[in-house]
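Notes follow the structure.
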There are 2 protein chains.
Amino acid sequence: MDTFSDRRAVRRQGTTAEILAAAVELMVHDGVAGMSLSAVARRVGMKPPSLYEYFPSKVAIYDALFARGARELHDAVHWAGSNPDVAGDPLAALREGARAYVRWSMTNPVVAQLLNWRPVPGFAPSDAAYAPNLEMIAETRTVIAAAVEGGLLDPSAATEEAVLLFTTVIAGVVSQQLANDPLAAPGDGRYARLLDPAVTLWLEHYKS
Amino acid sequence: MDTFSDRRAVRRQGTTAEILAAAVELMVHDGVAGMSLSAVARRVGMKPPSLYEYFPSKVAIYDALFARGARELHDAVHWAGSNPDVAGDPLAALREGARAYVRWSMTNPVVAQLLNWRPVPGFAPSDAAYAPNLEMIAETRTVIAAAVEGGLLDPSAATEEAVLLFTTVIAGVVSQQLANDPLAAPGDGRYARLLDPAVTLWLEHYKS
DNA sequence: GTCTATACGTAGATAGAC
DNA sequence: GTCTATCTACGTATAGAC
């Protein structure tokens, strides 16, 4: 690649990011399903047809946001769970991962809605966009298994049901927070505060 | 009221119910936010302007559905919790109430979405429509308090946090079920199956 | 890569005849 | 209580000039 095409690629990536940012801002005001291409175009200073140079359709924008959001959320949880403070302590890793999940979701509420609920009628994420979610669940399972190996949790904690219950409890906190107290700051929130007690319920039940 | 106006009132109520039913059916196919008045009118065999005889605006239809749904959900939970099998057993009443909540939500998924999430940009329920929700939480609190009185639960179970945690766990199960396994029959469902274990987590933690 | 022009459809809501 | 006609606005998407 020569310098010219590099610059062109960088510029293109910048515009793409601008479009996605504008789409998110509009979803904040008009709802996730209420985003319109005309409004996005206005906000980035383009006419609607120009957007089709960057995304082939409206659902492609949703898919790009889903993909990026799933990747970011995965990374946030992954980072929290492999941070030096919790190295070698799987239970602390679970707690920190859960906290990171809630924190990220409150920082990115509209993308979190896109990930957790299905607010857009015609849209389902592509397999590629969905992949980081599966990866995140697999990693959670691995951490739980490590806790079982280390004698910290009962073997039943590594069953399908127990893992699903863990993720459901966390998703429940996020859902309630976003729906019923959406304006709270990350780290705050009437329902987000319930996360630690909720995780405690789970850990107590499955402790060995 | 004479016979004539009675009949007129009955007819009017019937039409109103028909319109609401059509709106719900359309939400099943097009998403909660995707319902349109034109489509509703087509389905009930009217032209769009005629709907304004029954509802002053589109959000009024959402509000009517919210009001009816909140009332029905309250009644279902209330009934389950005051059924003869569980009379005098507050813990069984809590379990049965939670089951009824999940069952109703799966039987009425689009209205459940309207109640649990906020899928429609311009719409917030009126106080009157929201009232049964508050009543339902108050009744849950009362049942928990009865369990504490009877020595079945620790006094900490009656705190604000504990009550909120109870409702959050149940709402979490419903949210996950509706978002990730929406086609399951009521009484079935990958996430709905987690309800009993989830309630058990809570009961165990707060037992005296 | 961005534009104008346009196709084609839809929306929510109101006026006023019947 | 229902209609026709209409307003006003918006939407996604494509064709084709520049």
Side-chain angles (χ1 to χ4, degrees), chain A residues 1-27 29-65 119-124, chain B residues 1-20 22-27 29-65 114 119-124:
Chain A
M1 284 239 182
D2 58 25
T3 312
F4 180 68
S5 57
D6 275 1
R7 285 201 192 175
R8 197 167 55 188
V10 167
R11 188 188 180 85
R12 191 182 166 81
Q13 211 177 21
T15 307
T16 302
E18 250 186 272
I19 291 169
L20 292 180
V24 168
E25 285 173 48
L26 285 163
M27 290 182 204
H29 287 97
D30 304 334
V32 175
M35 181 263 292
S36 87
L37 296 185
S38 323
V40 170
R42 268 193 297 278
R43 189 170 269 261
V44 298
M46 280 179 175
K47 299 297 170 182
S50 303
L51 296 177
Y52 287 82
E53 286 289 320
Y54 301 90
F55 296 96
S57 70
K58 191 180 176 181
V59 301
I61 293 183
Y62 282 117
D63 204 56
L65 286 174
V120 183
F123 168 67
Chain B
M1 283 241 182
D2 59 26
T3 310
F4 180 67
S5 57
D6 273 3
R7 285 201 193 175
R8 197 167 55 186
V10 167
R11 189 189 178 84
R12 192 184 165 78
Q13 211 178 19
T15 307
T16 302
E18 249 186 272
I19 291 170
L20 292 181
V24 169
E25 285 173 48
L26 285 163
M27 291 182 203
H29 289 96
D30 305 334
V32 175
M35 182 263 293
S36 86
L37 296 185
S38 323
V40 171
R42 268 194 297 277
R43 188 170 270 262
V44 299
M46 280 178 174
K47 300 296 171 184
S50 303
L51 296 176
Y52 287 81
E53 286 290 319
Y54 300 90
F55 296 96
S57 71
K58 190 181 176 180
V59 300
I61 293 183
Y62 282 116
D63 204 56
L65 285 174
L114 194 62
V120 183
F123 167 67

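First the proteins, then the strands, lettered A, B, ... as listed; each starts at 1.
The interatomic distance linking B:Glu53 (CD) with C:dT14 (P) rounds to 12 Å, in whole Å. Put simply, CG on B:Leu51 is 14 Å from C1' on C:dT14, counting in whole angstrom units. We find that CG of B:Leu26 is positioned 14 Å from C1' of C:dA11, with the value rounded to whole Å. B:Arg8 has its CZ atom 6 Å from the P atom of D:dG1, to the nearest Å.
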Under 3.5 Å, which donor-acceptor pairs link side chains of residues 33-46 of chain A to any protein atom two or more places apart or in another chain?
unit_1, atom_1, unit_2, atom_2, d
A:Ser36, OG, A:Ala39, N, 3.1
A:Arg43, NH1, A:Glu25, OE1, 2.3

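Nucleic acid contact class of B:Phe55 (heavy atoms, under 4.0 Å, all strands): none.
Of all heavy-atom pairs spanning B:Tyr62 and B:Met27, the tightest one is CE2-CE, 3.6 Å. Smallest separation of non-hydrogen atoms from A:Gly31 and B:Pro121: CA-CG, 4.0 Å.
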In 5'-to-3' order, the base (B), backbone-only (S) or no-contact (-) status of each nucleotide in nucleotides 4-18 of chain D, using a 4.0 angstrom heavy-atom cut-off, is BB-----SBBB----
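For A:Phe55, the ring-ring contact (aromatic ring centres under 6.0 Å, His included) test picks out no residue, with sequence neighbours left out.
Sorted by first and then second residue, the salt bridge (charged side-chain N to carboxylate O under 4.0 Å, His left out) pairs involving residues 50-64 of chain A (not counting sequence neighbours) form an empty list.
Taking CZ from B:Arg12 and OG1 from B:Thr15, the interatomic distance works out to 8.0 Å, rounded to the nearest 0.5 Å.
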